[in-house]
Amino acid sequence: MQNEIKLIISKYLKSLVSLLKKYNVRLPYLTISLIAIFIVVGGINLFIELTENLKTTTLSQFDTNVIEYIHSYRTPTLTKYFVFITDIGDIYGYLITFILCIVTFLMLFKSWQYVIQLIVVMALSLSSNVILKRIINRSRPNQEHLVTVETLSYPSGHAMAAMAFYGFLIYLFFHFKINSILKSVIITLLIFLIISIGISRIYLGVHFPSDIIGGFIAGFIWVILCALMFNLIRVYKKANNK
């Protein structure tokens with residue numbers, strides 16, 4: 001039954017796109033752009049709402065409950081694992097990933113386009129995170145830190161960068177024409193990595209859960225905005241080359 005429903009929806013969407021193209025070639029792109037903008041506006045509102053409630057009793061209790069639950073699973077082995085994971089979400093982890101992406105994209109596509117896009121996404125995420133941290137000025141959790149930290153707490157830079165960088169990688173791989181099984185494996189691993197980096201910051205005692213949520217929301221906003229921007233540039237170039 002589910003497959004039948006998916007097939008019906010798929011046929012409907014294909015028919016709708018074909019119909020729209022008959023009247024205006026750019027109309028489907030306009031529709032997708034409006035949806036993306038709607039998601040971005042919703043994400044910004046959600047981020048603002050969360051930020052305004054940082055000092056409320058309800059959110060404070062939520063943070064405390066989640067922290068206590070995650071810390072209850074602390075073991076030497078798990079600590080080593082989460083230190084490793086949090087390092088992947090740090091500068092050296094991204095440098096290694098960048099190198100792998102450069103090699104992969106140049107071999108497959110012989111183009112720097114996707115590498116440049118990743119750099120832009122990462123630059124926007126990191127710079128905006130620094131600004132947000134200074135504006136909001138939230139201190140780190142007052143508990144034992146299992147790793148060294150020097151910056152402010154909200155939103156989490158690790159969570160925000162992980163969502164922006166690895167999230168945009170998910171977007172790219174979703175559109176790449178590669179083996180479907182390989183694509184599913186890569187996307188699943190990237191989703192797992194994003195979530196693991198977020199949890200690692202709570203486990204290591206350097207972030208509140210709300211810091212992670214805020215970072216994920218802000219990072220996701222950049223993914224949608226950048227995807228929209230790069231697609232509009234592509235459509236504009238195609239239109240001018242005709």
Quick check for you: to the nearest 0.5 Å, what is the distance between [X] atom [atom1] and [Y] atom [atom2]?
{"X": "Ile194", "Y": "Leu189", "atom1": "CD1", "atom2": "CG", "value": "11.5 Å"}
{"X": "Leu169", "Y": "Gln117", "atom1": "CG", "atom2": "CD", "value": "11.0 Å"}
{"X": "Thr51", "Y": "Leu59", "atom1": "OG1", "atom2": "CG", "value": "10.0 Å"}
{"X": "Thr97", "Y": "Ile102", "atom1": "OG1", "atom2": "CD1", "value": "11.0 Å"}
{"X": "Ile197", "Y": "Ser156", "atom1": "CD1", "atom2": "OG", "value": "9.5 Å"}
{"X": "Ile70", "Y": "Ser200", "atom1": "CD1", "atom2": "OG", "value": "10.0 Å"}

Check against side-chain contact (heavy atoms from CB on, under 4.5 Å), Met160 and Trp222: CA-CA 9 Å; Met160 189 169 171; Trp222 279 123; 3.8 Å; yes
Count the heavy atoms belonging to other residues, nucleotides or ligands that lie under 6.0 Å from [atom1] of [X], then report whether that count exceeds 12.
{"X": "Leu100", "atom1": "CG", "result": "yes"}
{"X": "Phe174", "atom1": "CZ", "result": "no"}
{"X": "Ile91", "atom1": "CD1", "result": "no"}
{"X": "Asn179", "atom1": "CG", "result": "yes"}
{"X": "Phe176", "atom1": "CZ", "result": "yes"}

Between [X] and [Y], is any pair of side-chain heavy atoms under 4.5 Å apart?
{"X": "Leu146", "Y": "Arg74", "result": "yes"}
{"X": "Ile212", "Y": "Ile199", "result": "no"}
{"X": "Arg140", "Y": "Leu152", "result": "no"}
{"X": "Ile186", "Y": "Ile170", "result": "no"}
{"X": "Ile67", "Y": "Pro209", "result": "yes"}
{"X": "Tyr114", "Y": "Cys101", "result": "no"}
{"X": "Phe47", "Y": "Leu132", "result": "yes"}
{"X": "Val120", "Y": "Phe230", "result": "yes"}

Should [X] and [Y] be counted in the same cluster of Ile, Leu, Val, Met, Phe, Trp and Tyr side chains packed under 4.5 Å apart?
{"X": "Tyr69", "Y": "Tyr81", "value": "yes"}
{"X": "Tyr73", "Y": "Val147", "value": "yes"}
{"X": "Leu106", "Y": "Ile96", "value": "no"}
{"X": "Leu172", "Y": "Val185", "value": "no"}
{"X": "Phe38", "Y": "Leu228", "value": "no"}

Using 30° and 60° as the class boundaries, would you call the ring planes of His71 and Tyr203 parallel, tilted or perpendicular?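 Rings of His71 and Tyr203: perpendicular, over 60°.
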Any donor-acceptor pair under 3.5 Å linking the side chain of [X] with the backbone of [Y]?
{"X": "Ser184", "Y": "Ser180", "result": "yes"}
{"X": "Thr86", "Y": "Val83", "result": "no"}
{"X": "Lys133", "Y": "Pro155", "result": "yes"}

Side chains of Asn45 and Glu49 only: does a donor on one sit below 3.5 Å from an acceptor on the other? no
Assess the side chains of Tyr154 and Ser210: does a donor N or O sit below 3.5 Å from an acceptor N or O? no
Phe208 vs Leu54, test: side-chain contact (heavy atoms from CB on, under 4.5 Å). Steps then yes/no. CA-CA 10 Å; Phe208 297 101; Leu54 289 179; over 6 Å; no
For the residue pair [X] and [Y], what are the closest heavy atoms and their distance?
{"X": "Pro141", "Y": "Ser153", "answer": "CD-OG, 4.1 Å"}
{"X": "Ala227", "Y": "Tyr171", "answer": "CB-CZ, 3.7 Å"}
{"X": "Ala161", "Y": "Met122", "answer": "CB-CE, 3.8 Å"}

Apply side-chain contact (heavy atoms from CB on, under 4.5 Å) to the pair Cys226 and Phe168, showing each step before the final yes or no. CA-CA 8 Å; Cys226 289; Phe168 193 77; 4.2 Å; yes
Before you tell me yes or no, could you show the steps for Tyr94 and Ile88 under side-chain contact (heavy atoms from CB on, under 4.5 Å), namely the whole-Å CA-CA distance, both residues' side-chain angles and the distance that decides it to 0.1 Å? CA-CA 7 Å; Tyr94 287 114; Ile88 293 178; over 6 Å; no
Between Asp63 and Lys55, is there a salt bridge with N-O shorter than 4.0 Å? no
salt_bridge(Asp211, Arg201) N-O dist < 4.0 Å: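 No.
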